[in-house]
Amino acid sequence: MRTLIEGGWVVAHSGAGHEVHERGSVVVEDDRILHAGGPYTGPVDARLSARGKLVSPGFINIHVHTAGSGGDYLLLDMARNDYRTANYMSFAAPLKGKLTPPPPPTVAALRAFVFLHALKQGSTTLIDVGGLRGDWEGYARLVEELGVRVYASPPFRDRDTFMDSEGRLYYDEDVTAGQQRLREATDFVRKYDGAAQGRLRGMLNAAQVETCSEPLLRAGKDAARELHVPIHTHAGGNLVEFQRIMEEHRKTPVQFLADIGFLDDRTLLGHVVFTTAHPWPRYPFGDDLRVLAETGATVGHCPYKYAKMAMTLHSFQRYLDAGVTVALGTDTYPMDMVAELRWASILAKVTDANYQVGLPRDVFNAATLGACRFLQRGDLGRLAPGAKADILLIDLDHLGAPVYADPIKALVDGGCGRDVDTVIVDGKVLVQGGRATRVDEDEVYAKARRATEHYWSQVPGWRWDGATVDRIIPPAFPVRRAP
Ligand SMILES: [Zn+2]
């Protein structure tokens, strides 16, 4: 089956980089791209008009948690200024033994919601760096049914985070549990790597640099090498973590990871905001950006999430200039990769006080080609002969968008995830006219809402101070809830 996508602005990869072809064409044959660029005159079986649309490689979202938006909502806990500045502990440090994991149908509902929510807004490959646990058979089935491309395995750590009754954060080390979780992860990779016609791939996830002991981080990296898969951990994500690593190892998180051999070109690090280059840690000793560049590790930049926590990289441009590979992700909600392009661009300009940085070219490259290094995938993030047919048709010609001369600048300046009209993964059309083709969207959303409201109702039961969600995150105005 050969399909010609014609009449749009085609972002084709020339071998040297992306190029934009006005009224270009893309030919898809089964799961691969046969042609991308100028006119195509060969025979085709079907035609798809892309008039007024950008025909873009699908975005590789390097930071997704398949846990739904319930916990994310608590991210900016107004009672927890001591997290400096709010972070994952807001929803991931319960009173010990008080947080009950959800049953498999709830887990499945939230996973489906995340996959489709991200897919509809431009993510064709999702790097799942850790979500709800269990029912891995169901996880693989979901990837199979929904048609998405995913890299995943259960995250592992040997220091769980808890709160005591005074709200003090503590780390509870259990070496055996960490080893078991690593085994669960390697079993997952052995069992599912290559499942769903090759769309489900394995990678390892050491949860956070400070929630893993040094032996566990070393064992995780060794296992990743043995399995020939990438590995991720969160590092440089908040000042609590930065300080803990300084106290334990007397090094920055980046330097520590480099020194234990964790960093190489198959390593993805989530966030890496706090480094020797950032002013807040007041630790200008060494050169973390050089270390990142020399080891070849990729930085997973999630600009919007960090901006809402009042933090950002210092800076996107400085990382690029130092030779660091930067890829883009969403982390929290909304998982809108188009918006993420704009946040990356604007925050780079504001941080450096320089409008000549954070160029549309560089943020678009980060959202497409940036992830290809640690994934070792020359067939993703680009439209070129032989590449996987992971394609977006993004509607740029409507009253909600600017009139433009350059469609990439229009996308970065004025686009949003809801402009994504068509999503093709592995040659299959998964979203058409902005609606998912394989599932009842309203039902997926309704199930996720029920699961999330149930989660919120349980919060006072595990929270150190018994606070309700409305007390943790006060609504913008008083909300008179219906009886
Ligand atoms: Zn994360």
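Positions are given from 1 along the sequence. When a ligand or atom number is given, it counts from 1 through the structure's own listing order. Only this structure's heavy atoms are used, side chains among them; waters, hydrogens and symmetry mates stay out.
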Per the salt bridge (charged side-chain N to carboxylate O under 4.0 Å, His left out) rule, what does the pair list look like for residues 165-176, sequence neighbours excluded?
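Found Lys96-Asp172, Arg159-Glu173, Asp164-Arg168.
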
To the nearest 0.5 Å, how far apart are CG in Asp419 and CD in Gln121?
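One gets 10.0 Å once the value is rounded to the nearest 0.5 Å.
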
Closer than 2.8 Å to the Zn ion (ligand 1), what protein N/O/S atoms do you find?
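Checking every protein N, O and S atom gives His63 NE2, His65 NE2, His234 NE2.
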
Name each donor-acceptor pair under 3.5 Å that joins a side chain in residues 253-260 to protein atoms two or more places apart or in another chain, with its distance.
from   : atom 1 : to     : atom 2 : distance (Å)
Gln255 : NE2    : Asp259 : OD1    : 3.0
Asp259 : OD2    : Lys251 : NZ     : 3.0

Between Trp464 and Arg80, is there a cation-pi geometry (under 6.0 Å to ring centre, at most 45° from the normal)?
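Checked: cation-pi criterion met.
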
Is the shortest side-chain N to carboxylate O distance from Arg201 to Asp193 below 4.0 Å?
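Result for this pair is yes, salt bridge flagged.
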
Using the ring pair (Phe, Tyr, Trp, His ring centres under 6.0 Å) criterion, which residues pair with Tyr283? Sequence neighbours excluded.
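Applying ring pair (Phe, Tyr, Trp, His ring centres under 6.0 Å) to Tyr283 gives Phe285.
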
